[in-house]
Protein chains: 2
Amino acid sequence: MEKNTAYHTLLKNLGLKVTPKRLALLSVLGEEHRYLSPEEVWKKLRRSFKNLGLPTVYRNMEELERHGVISKVLHSNRQLYYYFCPKTGHHHHFVCLECRIVEDISVCAVREMEKEIKRRVKGTVTSHILQVNGLCSGCAGKQ
Amino acid sequence: MEKNTAYHTLLKNLGLKVTPKRLALLSVLGEEHRYLSPEEVWKKLRRSFKNLGLPTVYRNMEELERHGVISKVLHSNRQLYYYFCPKTGHHHHFVCLECRIVEDISVCAVREMEKEIKRRVKGTVTSHILQVNGLCSGCAGKQ
DNA sequence: GTATAAATAGAAATCATTTCTATTTATGAA
DNA sequence: TTCATAAATAGAAATGATTTCTATTTATAC
C-alpha cells in the first residue's frame, strides 16, 4: 500500500476529513524519525503550501495526538514536540536530547506502580507519563 | 527541631542565602501536601509580604527544584506546578488531578528500561520523567 | 449539484514565564 | 559592629509559544 493511501485511510478511520494539508503533515512527520515542533513542521509544509496557518498545524498535531497517532515529547524548555509513532500498543520512548531521535521502549513498569497505588492510596490511575531522556549512541560518542 | 530552623539549615546547606521570603516560601510549600503553581504560592505569600515580586517566586521555585528540594508536576495545561517532597532518595509520584494531592511511589522500573536502552540503542540515559496521574480515593468517590 | 459541518487563513489576543535594571539585603571578614 | 561584596529582590517591561476569533473555504454525504 502506498503511504499516502495509508494516511488517507488513517484519517478516514479517525473520522477526520482528508485534506491535502493533513496528508502532507502526516507525511512530514512519518518520514522523520525524530520529534519536531509545530513550528518546524509548519516551515517544512510551507514549501508546498504558500497559504498555511501555524494555528492549523497546532490544531492538527493536537488532534492527532488526542487520537494517539502521534505522541508528545516532554522537553525542559516546555515547548511542544511531537513524534509520529508507527508502533501500536502501549509503550514508551527513549528520546535523544541531542539529535532528537526517538526509540521505542517495550518495557513498561507502570503496572507495578498501579498495584502499589491501588493498594496504598486506593486511588484510580487514569494515565501516566513516562519518558527516558539521554543521548543515542552516535551523540554520546561526540561528547 | 523547629521547622523554620530546618528550612534555615536546608538553605544553608544548599549554599543559598537565608532570606525571610525563602523561609516563608518553603513554609508554604512544606505545609501543603499538594502541588501549587508559582502564582498560587505568590498569592499566599503576599499576605505576609506586601512587596513580593512574582518573578522572585518563580526564581526561587526553579532554584529549589534544581537542588531537588521540590519537584515539578507535569500538567496537561502546561503550567508549572511544584510539590515539596519530604521523601529523599529516588522515587516518583502519584498525583490526583482533582485535589492535587501527591503520594510517593517507591517502585521505579526505569532501571529495567535503562537496561533495554543500553542493550538495544547503546545510548546513555541522563534522566527520566515518570508521573502517574489519577484520582485519589476521596476524589474518585465523588465522581 | 447542493447542503452542511468541518477545516482553514490570517490577524489578533493571551498569559504564563522571563528578562532587565536599579535597589536592597544577607553574609563573612576585619 | 562596620564594611565590602555578591546574591537576592522589586517592579516594570518584554517575550513568544500557543490560543482564540471570525470570515471564508472545502471535503463529504446525500
Side-chain angles (χ1 to χ4, degrees), chain A residues 4-5 7-28 35-67 69-70 72-82, chain B residues 4-5 7-28 35-67 69-70 72-82:
Chain A
N4 229 42
T5 318
Y7 295 142
H8 195 290
T9 315
L10 178 61
L11 291 172
K12 270 283 181 213
N13 290 343
L14 297 176
L16 298 172
K17 287 191 175 175
V18 182
T19 68
K21 285 165 184 176
R22 273 190 178 142
L23 288 172
L25 191 153
L26 278 170
S27 193
V28 161
Y35 57 88
L36 297 174
S37 70
E39 186 160 4
E40 286 164 340
V41 172
W42 178 60
K43 279 178 181 162
K44 282 175 188 286
L45 289 174
R46 269 206 308 186
R47 293 173 198 159
S48 324
F49 302 92
K50 55 207 169 307
N51 293 355
L52 172 65
L54 185 50
T56 299
V57 177
Y58 268 93
R59 201 178 339 98
N60 277 301
M61 291 178 91
E62 189 198 345
E63 189 129 64
L64 290 170
E65 199 259 345
R66 206 168 43 239
H67 285 96
V69 178
I70 63 180
K72 233 181 247 182
V73 170
L74 304 167
H75 203 282
S76 58
N77 70 4
R78 306 181 4 84
Q79 274 188 239
L80 283 172
Y81 293 100
Y82 293 99
Chain B
N4 228 41
T5 319
Y7 295 142
H8 195 290
T9 314
L10 177 61
L11 291 173
K12 271 283 181 213
N13 290 343
L14 297 176
L16 297 173
K17 286 191 177 176
V18 181
T19 68
K21 285 165 183 176
R22 274 192 178 140
L23 288 171
L25 191 154
L26 278 170
S27 192
V28 162
Y35 56 89
L36 297 174
S37 70
E39 186 160 4
E40 287 164 340
V41 171
W42 178 60
K43 279 176 181 163
K44 282 176 187 285
L45 288 174
R46 268 207 306 187
R47 293 174 198 157
S48 324
F49 302 93
K50 55 210 166 307
N51 292 357
L52 172 66
L54 185 50
T56 299
V57 177
Y58 269 92
R59 203 176 340 99
N60 278 302
M61 290 177 93
E62 190 198 343
E63 189 129 64
L64 289 170
E65 200 260 345
R66 207 168 43 240
H67 285 96
V69 177
I70 63 180
K72 234 180 245 182
V73 170
L74 303 167
H75 203 283
S76 59
N77 71 3
R78 306 181 4 82
Q79 273 187 240
L80 284 172
Y81 293 99
Y82 294 100

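Here the structure is a predicted model, which means the values were calculated and not measured. Chain identifiers are assigned alphabetically (A, B, ...) following the order of the sequence lines, protein sequences preceding nucleic acid strands; residue numbering begins at 1 within each chain.
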Trainee: Look at the side chain of B/K12 and decide which nucleotide, out of C/dT18, D/dA8, C/dT27, has an atom nearest to it.
Mentor: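 So the side chain of B/K12 is nearest to C/dT27.
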
Trainee: Describe the nucleic acid contact of B/R59 in one word from base, sugar-phosphate, nothing, applying a heavy-atom distance below 4.0 Å.
Mentor: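 The answer is base, as B/R59 lies within the cut-off (heavy atoms under 4.0 Å) of a base atom.
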
Trainee: Using a heavy-atom cut-off of 4.0 Å across all strands, would you classify A/K50 as base, sugar-phosphate, or nothing?
Mentor: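 Here A/K50 touches no strand at all.
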
Trainee: So A/L36 and A/V28, do their side chains get closer than 4.5 Å, heavy atoms only?
Mentor: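 Result yes, sub-4.5 Å side-chain heavy-atom pair found.
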
Trainee: Regarding B/K44 and B/E39, does a basic nitrogen lie under 4.0 Å from an acidic carboxylate oxygen?
Mentor: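 No, no charged N to carboxylate O under 4.0 Å.
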
Trainee: Grab the CG-C1' distance between A/L23 and C/dT8 for me, whole Å please.
Mentor: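 So the CG-C1' distance, A/L23 to C/dT8, works out to 15 Å.
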
Trainee: Taking atom C1' of C/dT8 as reference, at what distance in whole Å does atom CG of A/L16 sit?
Mentor: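 It is 14 Å, rounded to the nearest whole Å.
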
Trainee: Heavy atoms from C-beta onward define the side chain here; which of D/dT18, C/dA16, C/dT27 lies closest to that of B/V18?
Mentor: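 Per side-chain heavy atoms of B/V18, the pick is C/dT27.
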
Trainee: Hey, what's the ring geometry for A/Y81 with A/Y35, parallel, tilted or perpendicular (30° and 60° as the breaks)?
Mentor: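 Ring orientation, 0 to 90° scale: perpendicular.
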
Trainee: State whether B/K21 places a side-chain N or O below 4.0 Å from either non-bridging phosphate oxygen (OP1 or OP2) of C/dA26.
Mentor: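 It does not, given that no N or O in the side chain of B/K21 lies less than 4.0 Å from OP1 or OP2 of C/dA26.
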
Trainee: I want to check one thing: is the phosphate of D/dT9, taken as OP1 and OP2, less than 4.0 Å away from some side-chain N or O of B/N51?
Mentor: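 False: B/N51 side-chain N/O out of range (4.0 Å or more) of D/dT9 OP1/OP2.
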
Trainee: Quick check on A/K21: does its NZ atom have over 12 non-hydrogen neighbours (other residues, nucleotides or ligands) under 6.0 Å away?
Mentor: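 Enclosed: over 12 neighbouring heavy atoms sit under 6.0 Å from NZ of A/K21.
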
Trainee: Can a side chain N or O of A/N60 be found less than 4.0 Å away from OP1 or OP2 on C/dT8?
Mentor: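 Looking at the OP1 and OP2 atoms of C/dT8, one of them is under 4.0 Å from a side-chain N or O of A/N60.
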
Trainee: Does a side-chain N-to-carboxylate-O contact under 4.0 Å join B/E63 and B/R66?
Mentor: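 Salt bridge present between B/E63 and B/R66.
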
Trainee: What's the CG-P distance between A/L14 and C/dA6, to the nearest Å?
Mentor: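 Value for this atom pair: 15 Å.
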
Trainee: Output the rounded distance in Å from CH2 (B/W42) to C1' (C/dT17).
Mentor: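 Those two atoms, CH2 and C1', are 13 Å apart.
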
Trainee: Taking the minimum atom-to-atom distance to the side chain of B/T19, which one of C/dT18, D/dA17, C/dA26 wins?
Mentor: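 Of all the options, the side chain of B/T19 is nearest to C/dA26.
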
Trainee: Test for a donor-acceptor pair under 3.5 Å between the base of D/dA6 and the side chain of B/K17, counting only N and O atoms.
Mentor: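 Per atom types, the contact qualifies.
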
Trainee: Please walk me through it: do B/L11 and B/L26 pass side-chain contact (heavy atoms from CB on, under 4.5 Å)?
Mentor: CA-CA 10 Å; B/L11 291 173; B/L26 278 170; 3.9 Å; yes

Trainee: Within this structure, what is the CG-to-P distance between A/N13 and D/dT28, rounded to whole angstrom?
Mentor: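 Distance check: A/N13 CG to D/dT28 P gives 13 Å.
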
Trainee: Please give, in whole Å, the distance from C/dT25 C1' to B/L11 CG?
Mentor: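 Value for this atom pair: 15 Å.
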
Trainee: Counting side-chain heavy atoms from C-beta on, which of D/dG11, C/dA9, C/dA7 comes nearest to B/P55?
Mentor: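 Closest of the options to the side chain of B/P55: D/dG11.
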
Trainee: Out of C/dT19, D/dT19, C/dT17, which has the shortest distance to the side chain of A/Y58?
Mentor: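 Shortest atom-to-atom distance from the side chain points to D/dT19.
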
Trainee: In whole angstroms, how far is the P atom of C/dG10 from the CG atom of A/L54?
Mentor: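 So the two atoms are 12 Å apart, to the nearest Å.
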
Trainee: Rounded to the nearest Å, what distance is computed from the CD atom of residue B/E62 to the P atom of nucleotide C/dT18?
Mentor: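 After rounding, the reported distance stands at 6 Å.
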
Trainee: Give a yes/no answer on whether the side chain of B/R78 brings an N or O atom under 4.0 Å of OP1 or OP2 in C/dA16.
Mentor: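 So the side-chain polar atoms of B/R78 never come under 4.0 Å of the phosphate oxygens OP1 or OP2 of C/dA16.
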
Trainee: Ignoring the backbone of A/Q79, work out which of D/dT18, D/dT28, D/dG11 is nearest its side chain.
Mentor: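 The answer is D/dT18, which lies nearest to the side chain.
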
